[in-house]
Structures are given as C-alpha cells and as structure tokens.
Protein chains: 2
Amino acid sequence: MLMGVAERKERHKEDLKREILDAAKSLFTEKGLEATSIRAIAEKIEYSPATIYLYYKDKNEIVHALHSEGFKLLVSYFNVLNHITHPFERLKGMGRAYIQFAVQNPDTYMLIFNMDEPLQHVANCFEEWNEGDRAFDILLKTVKDCQNHGYFSGFVPEQISFVIWSTMHGLCTLRTTGHLGHVAVARSGNQSLDALMASTFETFVTVLEKLKN
Amino acid sequence: MLMGVAERKERHKEDLKREILDAAKSLFTEKGLEATSIRAIAEKIEYSPATIYLYYKDKNEIVHALHSEGFKLLVSYFNVLNHITHPFERLKGMGRAYIQFAVQNPDTYMLIFNMDEPLQHVANCFEEWNEGDRAFDILLKTVKDCQNHGYFSGFVPEQISFVIWSTMHGLCTLRTTGHLGHVAVARSGNQSLDALMASTFETFVTVLEKLKN
DNA sequence: GAAAATTATGAACAGTGTTTAGTAAATCTT
DNA sequence: AAGATTTACTAAACACTGTTCATAATTTTC
C-alpha cells in the first residue's frame, strides 16, 4: 500500500470521527443526552448505525470524547486571562470566565461537572479528570498569589480554593438547572438571570475583598 | 359496597402505591435512575409491569413522587434546628444539616437538585418547587435575622442568601459527583472526605463571620 | 347464585444500545 | 488487467426499554 494512500485513509477516518462527534454534540445540546440515539446520530451523518461502532466503542465513548472537548473549551476561556498580572484581578476574571462558560455552554457544563453517567466512566480511566486537577491547580496557585498580595491572610489556601470553587460551581449549577431562575423570579425584581448571576458574583467578590489586609 | 370495604380497598391502593415507591427508591439508589426499569420495579413487588401504570401515570410520576418525598426529608433535617435562637448559630446549623442531608442521601440530593429529567416535569407543574421557594425563604429570613444582630452589614440580604446557597450547593454537588474527592486526594493529606467537607464549611463560616459589625 | 365493577395481566408496539454475519468497495499482488 | 485480499459498510437480529390495550381474573353488588 502506498504511503500517501494510508495517510488519506487515516485522514478520512479522523474526518468521520469528527463528523460523528459534531452530529452527536448538536443532537445532545438540542435534545439532551439521554434522548438522542445512536440511530439519530447515524441518520444525521447518513451512515448506518453499525458504522458508528467502527469509530467509537460505545455511546459512552462518544460522551467521553465530548467531555474531553468540553474541558478544553473551558481551559480556552481561562487562557485569555494570562495577561492579567494582578492576582486578585485574575481571580475575578477566572470567576467571570467560569460563569460565561457555563452560561454559553450549559449542556457542556452539565456534561463535564454534573452528569453521573460519564463519571463512572471517568472513575475507571483516571487520565480524564487530571484536566480537572490541573484546573484546580491554577485556582490554587492564583489564591496563593493573592495571599502574597495580602489577601486571604490567615487562611489555608486549599480551603479558600475549595470555598471559591464550591461557590462558583454552585452558582453555575443552580443557574443551569433553572433553580436560580425559579427562586429569583419573585424575589429579585425583574432583573435578568444574567444580571442576577453577575450581581451575586460581585457580592461574592466583595465578601472575598473583606478578607484583605 | 360497604363503607368499610371501600376504605379497606382505598387503603390497599395506598399500600400498593407505597410498595411501588419503596421498590423504585431502593432500585434507583442501587442502580441509578436511568438504569432501573418499570419491569424491574414490577418484578420486585411481584406484579405485572402493566399494573404499575394503574397507580402511576408515568415513570416520571414515580420520580416526581420520590422528588417530593426527598424534599420533605430535607425539611425534616432543618426542623431540628428550630430551638436555636441565635440566628447565626441557626444559620450554621442549617449549613451542617444541608451537608448531612447530602452526604446521607446522595441519590436523593442529586434527584432533587441536579437531575434534569424531573426538572422539565417540575417546570410544568409549578407547585413542586414552591417547596424549594419556601426553603429559600427560610434562608433569607435567617440572613435578615443575622443582619439584625450585626452580621452582613451593608449587604443586600437576597444576594448574601444566593451566595450562601451557591456555596453550600456547590460543595454538596462536588462531593456527591465525586469531583471533590478526586481533587482532594492528593492535595489535602489523608483526611477523610467528610472531614474535608467539614473543614471547608468551617472556613466558609469563618469568612462569613468576618462580615460582622 | 348471576351481573357489574374493579383489578391485574399477556401480548404487542415503537423505541433503545449493541453485535454479528455477510456484502460491497477499495486496495494490493501477480 | 485479473484475481486475491484487505477494508468499509450495512441489514438483520438480540435483548432490552416505556407504554398501551384487549382480555382475563377477581371482587363487590344485587
């Protein structure tokens, strides 16, 4: 077999994997994870359902691939903050980026953080949530930088990091599930959900700022 | 038909609804929500699958019923705190109770707060999350009481409440999904997950206490 | 007892993820 | 170019799922 042919076929194989993933992602975000079938994905890319199993072992493996891509997307939201030198400003930027990611990609957010199906999958192959590990390391490092600038004095950086992560994750999850909207409707006037999230976040930032000196 | 007979049959009907619910709950917590079938529930109570549909319209209605019971259980965790007169102590107690509920009933916790299937169901019949509304009202009232004792001065009570809710919910969700455990393993020595949650919570309480006077 | 009303079910429908045996096509060898 | 071989694909089936409906069994009423 010629070398160029092998490459072309390999490329075609990668293309089809992409097509499957794109179709799956589109259907997942449209109809939800459980509600989209392999048959629907197959129909969208105009192949037989069985063909999909030549490129992905499982439906789980497809979900897993999307999970992986979602994480890379989240990291890309953080990467625009590298130029911010002041650590607390960078921390604030991370919070805003995290919220923005969750608001703009609610399905991906739930897929990454709150779906239990891929979790068992992730529990088996550890490599995956090392990405989550690295993300936490970035947060932890930023918190320590903040401490060098007088913030969070007297606190254990790991614990402050856990509190921050919890608050951001809770806020984003409550928004994505709709609970925040439900409870907020009557209580916070007629400001939009996004405005409510923003003001809640700003309040949290104010709380954190009180820990300075 | 005799009156006593009608009552007996009515009681039997209620009994069977309970049996179905208990079997469903047991299977859900054991195998997960999506992985337990109507047929499995039917087999567990030794009835035909079709019989279940005489007592519950849907699988969704069963989930919904469990959702409702889960909320009542959460409220029962809060009810033991009524005797605490100091509002901030009561607030701390609520946090601890919330954590305890999530740790002791992880499936119910995810069912109530982070499952998207019953959410659409809930979105249609509004009565349900009024329970969530009332829970938030209790939190809001407690926060206001705290403000009357010098806590959270200068803050909007609704926003402080949202921050508190987010933090607690985020912490419990991260724990239940396993993310907290995964990230914590390497980072926080060999203290148990429960200890880690407790210390994170205490750190959060310390942060809130800094907002006093 | 017979008639009426209730309660339970077997069988079927349309859907799911997944596997396998077999076909069609592209490639390599001669 | 022709035949052999590897590759790419698919139709059909399997064992499931939630759900419905005609039918059967049981219980209540008369």
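Each chain gets a letter, A, B and so on, in the order its sequence line appears, and its residues count up from 1. Note: hydrogens, waters and symmetry copies are ignored here, and every other heavy atom, side chains too, is used.
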Exercise. Quick one: is A:T51 getting a side-chain N or O under 4.0 Å of the D:dC9 phosphate, OP1 or OP2?
Worked result: no
Exercise. What is the distance, rounded to the nearest whole Å, between atom CD1 of B:I52 and atom P of D:dT20?
Worked result: 13 Å
For this session: Go through the N and O atoms of the side chain of B:R39 and the base of D:dG18, and report whether any donor-acceptor pair is under 3.5 Å.
Result: yes
Problem set entry | Rounded interatomic separation in angstrom, taking CG from A:D15 and C1' from D:dC9 | 17 Å
Seminar exercise, completed: From CD of B:E61 across to P of D:dG18 the rounded distance in Å is 15 Å
Exercise. Are the aromatic rings of B:F162 and B:F136 close, with centres under 6.0 Å apart?
Worked result: yes
Problem set entry | Spatial distance of atom OG1 (B:T51) from atom OH (B:Y56) [nearest 0.5 Å] | 14.0 Å
Exercise. Side-chain N or O of B:S48 less than 4.0 angstrom from OP1 or OP2 on C:dA8?
Worked result: no
Problem set entry | Separation of atom CG in A:D58 from atom P in C:dT16, rounded to whole Å | 17 Å
Problem set entry | Protein-nucleotide distance (A:K57, atom NZ; C:dT18, atom P), rounded to Å | 8 Å
Exercise. Between B:L54 (CG) and D:dT26 (P), how many Å, whole number?
Worked result: 16 Å
Problem set entry | Atom-to-atom span, CG of B:L16 to C1' of C:dA8 - whole angstrom | 10 Å
Problem set entry | Stepwise side-chain hydrogen bond (donor to acceptor under 3.5 Å, both in side chains) test for A:T173 and B:N114 | CA-CA 8 Å; A:T173 301; B:N114 290 336; 5.3 Å; no
Seminar exercise, completed: Against the side chain of B:K59, the closest entry in D:dT10, C:dG10, D:dT19 is D:dT19
Exercise. With side chains defined as the heavy atoms from C-beta onward, is the minimum distance between A:L73 and A:S76 less than 4.5 Å?
Worked result: yes
For this session: State whether A:Y55 places a side-chain N or O below 4.0 Å from either non-bridging phosphate oxygen (OP1 or OP2) of D:dC9.
Result: yes
Problem set entry | N/O (side chain, A:Y47) to phosphate O (OP1/OP2, D:dC9) under 4.0 Å | yes
Exercise. When we call it a touch if two heavy atoms are under 4.0 Å apart, what does A:Y56 touch: a base, just sugar-phosphate, or nothing?
Worked result: nothing
Exercise. Between A:L111 and A:D107, is any pair of side-chain heavy atoms under 4.5 Å apart?
Worked result: no
Seminar exercise, completed: Assign each of B:A40 and A:P49 the nucleotide of DNA chain D bearing its closest heavy atom; nearer the 5' end lies the nucleotide of A:P49
For this session: Between C:dT9, C:dT20, C:dT18, spot the one nearest the side chain of A:A50, thanks.
Result: C:dT20
Exercise. Whole-Å distance between D:dA8 C1' and A:I45 CD1?
Worked result: 13 Å
